[in-house]
Amino acid sequence: MWFLTVLLLWVPVDGQVGPTKAVITLQPPWVRVFQEETVTLQCMGPHVPGNSATQWFLNGTATQTSIPSYSIISAGVNDSGEYRCQTGLSVLSDPVQLEVHRDWLLLQVSSRVFMEGEPLTLRCHAWKDKLVYNVFYYQNGKAFRSFHWNSDLTILNTNISHNGIYHCSGKGRHRYTSAGVSVTVKELFPAPVLSASVTSPLLEGNLVTLSCETKLILQRPGLQLSFAFYMSSKTLQGRNTSSEYQISAARREDSGFYWCEAATEDGNLLKRSPELELQVLVPQSPTPVWFHVLFYMVVGIMFLVDTVLYVTICKELKRQKKWNLEIPLDSGHEKKVTSDLQKHRHLEKALKRQEQEKQPRDRVYRKALREAK
Ligand SMILES: *[C@@H]1O[C@H](CO)[C@@H](O)[C@H](O)[C@H]1NC(C)=O
Ligand SMILES: *[C@@H]1O[C@H](CO)[C@@H](O)[C@H](O)[C@H]1NC(C)=O
Ligand SMILES: *[C@@H]1O[C@H](CO)[C@@H](O)[C@H](O)[C@H]1NC(C)=O
Ligand SMILES: *[C@@H]1O[C@H](CO)[C@@H](O)[C@H](O)[C@H]1NC(C)=O
């Protein structure tokens, strides 16, 4: 029966396969404490009804404790170690590394390993809660925050830039400096990249699908990303699990700068894509009918005027040609002659000349004259 119930818990949740993991929380929330301090670990996970039995492990070895809360009263160095727990219907929790220290100043952290977007709280804690002031917090040796009166420091949305070694310093009787503690922030997904199904510039009326692309690096059960699409400062599509947005028919007004956002469902982690410029080209607007009518009318009139001009010029040219026409001398008797007047004069002159030169040719010229008539 137990086995069957455990199997049922492996049913996919939100598309992800995975059973419920037990989770350890600390009260107070610090994974680094001074000796003699008290800390309680709480195991949270599903139980078999009527049985709240919980198994605790320290450094991989099962402990005597079988209740959900594991109390360490007046911590000793031998309480340091890796704690894990498991409830009836859960799988083993992620480990919690508890450190018990002996020092003047201790930089306390809520966890040493985070997923980006989770909060990180730092506390510069003095031995026996003695008063310290003029407190500085350092990341990788560089002071990034100071308080005149000692105060906790919370980074609400951690990102990979918060990786590093932290320490603090504060003034009491002397200036004290804590040891360093390494904090790791794991990236959950990289910043998205917005892409379009059609390359810009695109034509008016085109269908455009915008995709907000990123990938979860760390898979967590039930973890899902949501996406939002923007153009300049306008929201096109609010948070939605769909990583795509469609412009069914692009218009000129759709030209502009687009960007998208990918976020975890709780909204704690939100990443923005670089901008993508889309340009929508509009074909030349069709010319109105009156323009065509006018155009062809003008062309028609121009053609008519041209034709009339051409005919007039041709006639004029022909008329001028008539008056200039001459019969070449070697044109023989078969050539057609158009001007009787000129021909007569010419031939008569030629005849006279010939008669003076050679009498015998007289008959030939007379014949030519006759034929030309
Ligand atoms: C730590 O040591 C004390 C005695 O010094 C002992 O009573 C206690 O059980 C030890 N705790 C663990 C977790 O071994
Ligand atoms: C658990 O292991 C750590 C080293 O990983 C060691 O310092 C600590 O003393 C161990 N704790 C116990 C109770 O064995
Ligand atoms: C990380 O967060 C800080 C604010 O806490 C912000 O100024 C910085 O731009 C962020 N870095 C990245 C890479 O998101
Ligand atoms: C998410 O997008 C789909 C398709 O674009 C739409 O049908 C649905 O209504 C949207 N959901 C929300 C909560 O806006």
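Counting convention: from 1, in listed order, for ligands and their atoms alike. Not measured: the values here are computed from a predicted model. Along the sequence shown, residues are numbered consecutively beginning with 1.
Using cut-offs of 30° and 60° for the angle between ring planes, the Trp259 and Tyr230 rings count as parallel. Ring pair Trp127/Phe34 is perpendicular by interplanar angle, where above 60° counts as perpendicular and below 30° as parallel.
For the residue pair Met44 and Thr87, the shortest heavy atom distance occurs at C-CG2, 4.4 Å. For the residue pair Leu188 and Met115, the shortest heavy atom distance occurs at CD1-SD, 3.4 Å.
By heavy-atom distance, the residue among Asn59, Asp79, Val77 lying nearest atom 12 (C) of ligand 2 is Asn59. Across Thr61, Thr63, Asn78, heavy-atom proximity to atom 13 (C) of ligand 2 is greatest for Asn78. Closest to atom 8 (C) of ligand 2 by heavy atom, among Gly60, Gly76, Ser80, is Ser80.
The nearest heavy-atom contact from the protein to atom 10 (C) of ligand 3 is Asn159 ND2, 2.4 Å.
Which parts of ligand 3 touch Ser161 is read off a 4.0 Å heavy-atom cut-off, strictly below it: atoms 1 (C).
With hydrogens and angles left out, the side-chain atoms of Ser169 and Tyr138 include a donor and acceptor closer than 3.5 Å. Between the side chains of Ser242 and Asn240, not a single donor N or O lies within less than 3.5 Å of an accepting N or O. Side-chain polar atoms of Tyr258 and Glu275 form no donor-acceptor pair below 3.5 angstrom.
Within the 4.0 angstrom cut-off, atom 5 (O) of ligand 3 has one or more protein heavy-atom neighbours.
Only side-chain heavy atoms of Leu58 come within less than 4.0 Å of ligand 2; its backbone N, CA, C and O stay farther off. Contacts of His162 with ligand 3, taken as heavy-atom pairs under 4.0 Å, involve the side chain alone.
An N or O contact shorter than 3.5 Å is missing between Asn157 and ligand 3 by distance.
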